Amino acid sequence: MKKREIIWILIPMLLVCNTLVYLMFEEDYQGIGTGTTTDSRFYIEIADSLPYLKEALFPVLYPIVISIVNFLIDDYYVSTKVIGFMVIVFCYAFTYYKNFFWKEFWGLLAFPVMTRIYIFSLAEIILLPLLILLVYLNHNYFKEKITYKKYIFWNAIILALLCITKYSAFFIIFGCFFYSAVLFFYNRKKFTPFFVSVLSASVLVGICLMINNICTGTLVGQRTGPIKDEMNIRYSFFNILYVINPVVAKRIILGYKINYLLLSVFDFFILLIYFIMIRKGLKKGKVIWETAFCITLGFIFLVLTIISYFQTHIDDLNPRLLFPYVFLFLTAVIFSSKLRKTGYNILLIIIIFSLILSLFNGIYEFSKTSIIFETEFSRLKGML
């Protein structure tokens, strides 16, 4: 790393510190530990039951990883947090070692929606490195830096791994099929290897679903929510804009709650900037195919997620459910701004502003934590 780039090392340090601070304030579900939910309990139960598969409610890759790490640590909760730390290290190290837009991705990895992923003991933490590998592989494919045989093999494997991490990754497969049609009409040279890899991934996923059905009696478990009249449509659609917000992790900044409407206006303004950047990457005759790839997959994922929301009513469209859409959309912004040199300085300003606000929020939360500790210590000291 060059001397002038040393300052970028502050981003991983800031990310880890802020993640630890925010973790102190997260929910402790049924005594499992902070940063857990009902889903966390199910993932741990599946991991504990392996190698016997008894429940198909969630895919098996995250429980497998938990089980492997737990073999060394002997604590399922701690294992989930170790996995999160390992993912952070991998993502930063991989993008830097491969010189894969590492500055831009380091900034993206520190965005608020990403920080929320690191905190919780959930399968999205495995999606993150897989998505990075997916866009890296396809970037090299469209730049002709990888042989077709290697591409078909690894693209199929990564897509299959995505699907056995989260069932919503099926939407990424659908997006790939749609994009293969785009390639068929506009880039025939790249069509066949791409289509074969997606088809191969589908076969692998089909085999995994058959194993699910044999072991548990169901392909993907029960997908209907128990309560169907508690849909918060306004909140869900607000989140579609909110999750690509580069600066606000919650509606609260330094203790002040922001009005929904005001935040929506800000989100829309940021979205407009993003679209201006992306537009150059999709310019007719000079298409950046990896930008088109990310936009297509992100859009298809978003549309199918919305349809699924109205069909199943399982959960509101929160940042966790929308995570792949966010990552793919922002990656398209990175590709376009960097490769087309359009709005790149604006992207850097957004990243820097995001980091500064994140730092101040972290300091504020830490100071709040210190006050709580001091108060509790004084109370206990008075009792003694």
Side-chain angles (χ1 to χ4, degrees), residues 90-109 127-163 169 171-205 274 277-301 324-325 327-344 347:
F90 171 81
C91 292
Y92 281 111
F94 178 83
T95 51
Y96 179 74
Y97 176 74
K98 294 295 185 180
N99 196 26
F100 181 55
F101 304 93
W102 65 271
K103 292 182 181 180
E104 297 76 23
F105 273 103
W106 284 24
L108 171 59
L109 292 171
L127 281 185
L128 178 57
L130 289 175
L131 286 170
I132 287 179
L133 290 173
L134 180 70
V135 296
Y136 169 76
L137 185 67
N138 280 275
H139 171 71
N140 283 345
Y141 173 62
F142 289 113
K143 294 300 181 186
E144 299 187 348
K145 296 180 180 180
I146 185 173
T147 64
Y148 286 173
K149 288 183 179 180
K150 286 184 178 179
Y151 172 76
I152 291 172
F153 176 80
W154 286 114
N155 201 50
I157 293 296
I158 292 171
L159 287 172
L161 289 177
L162 282 167
C163 290
F171 300 158
I172 294 177
I173 294 280
F174 291 138
C176 285
F177 274 118
F178 183 87
Y179 192 62
S180 66
V182 173
L183 292 177
F184 180 81
F185 288 106
Y186 296 102
N187 192 347
R188 190 70 61 89
K189 179 182 177 182
K190 296 295 183 182
F191 165 74
T192 302
F194 186 88
F195 180 77
V196 170
S197 70
V198 178
L199 192 61
S200 301
S202 302
V203 172
L204 292 174
V205 172
Y274 286 152
M277 294 179 185
I278 291 173
R279 184 175 60 86
K280 292 290 184 179
L282 301 177
K283 188 175 180 181
K284 187 176 181 180
K286 297 181 179 180
V287 175
I288 299 176
W289 289 103
E290 49 267 58
T291 297
F293 171 79
C294 291
I295 282 294
T296 301
L297 267 60
F299 179 73
I300 296 295
F301 183 92
Y325 142 72
F327 179 88
L328 290 166
F329 181 84
L330 293 178
T331 299
V333 173
I334 289 175
F335 285 153
S336 285
S337 62
K338 182 69 174 180
L339 298 177
R340 279 284 182 264
K341 307 296 182 183
T342 301
Y344 182 66
L347 178 62

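From a predicted model like this one, the values you see are computed outputs, not experimental measurements.
Annotation for Pro324 and Ile172: closest pair CB-CD1, 4.3 Å, computed over non-hydrogen atoms. Residues Leu137 and Tyr151 come closest through the heavy atom pair CG-CD1, 3.9 Å.
Side chain of Ser336 to main chain of Val333: no donor-acceptor pair is present (N/O by atom type, distance under 3.5 Å, no hydrogens or angles). Without hydrogens or angle criteria, Trp102 side chain to Tyr97 main chain gives no donor-acceptor distance under 3.5 Å.
Ser202 meets the side chain to side chain donor-acceptor pair (under 3.5 Å) test with no other residue; sequence neighbours excluded. Lys145 is linked by a side chain to side chain donor-acceptor pair (under 3.5 Å) to nothing, counting only residues two or more places apart in sequence or in another chain.
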(message) Apply side chain to side chain contact (heavy atoms under 4.5 Å, CB included) to residues Leu297 and Phe178 and explain how you reach the verdict.
(response) CA-CA 8 Å; Leu297 267 60; Phe178 183 87; over 6 Å; no
(message) Would Phe299 and Leu328 count as a side chain to side chain contact (heavy atoms under 4.5 Å, CB included) here? Give the steps.
(response) CA-CA 9 Å; Phe299 179 73; Leu328 290 166; over 6 Å; no
(message) Checking Phe90 against Leu133 for the side chain to side chain contact (heavy atoms under 4.5 Å, CB included) test, could you report, in this order, the C-alpha distance in whole Å, the side-chain angles of both residues, the deciding distance, and whether it holds?
(response) CA-CA 11 Å; Phe90 171 81; Leu133 290 173; 4.2 Å; yes
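In this structure, Tyr136 has its ring center closer than 6.0 angstrom to the ring center of Phe94. In this structure, the ring of Phe105 has its center no less than 6.0 angstrom from the ring center of Tyr96.
The structure places SG of Cys176 at 6.5 Å from CG of Leu134, a figure rounded to the nearest 0.5 Å. Between atom CG of residue Asn140 and atom CZ of residue Phe100 there is a gap of 7.5 Å, rounded to the nearest 0.5 Å. How far CD1 of Ile157 is from CG of Leu130: 11.5 Å, rounded to the nearest 0.5 Å.
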Atom pairs and distances, donor-acceptor, side-chain atoms in residues 182-197, under 3.5 Å, two or more places apart:
| unit_1 | atom_1 | unit_2 | atom_2 | d |
| --- | --- | --- | --- | --- |
| Arg188 | NE | Phe184 | O | 2.6 |
| Arg188 | NH2 | Phe184 | O | 3.3 |
| Lys189 | NZ | Glu144 | OE2 | 2.6 |
| Lys190 | NZ | Tyr141 | O | 2.9 |
| Ser197 | OG | Asn155 | ND2 | 2.9 |
| Ser197 | OG | Pro193 | O | 3.4 |
| Ser197 | OG | Phe194 | O | 2.7 |

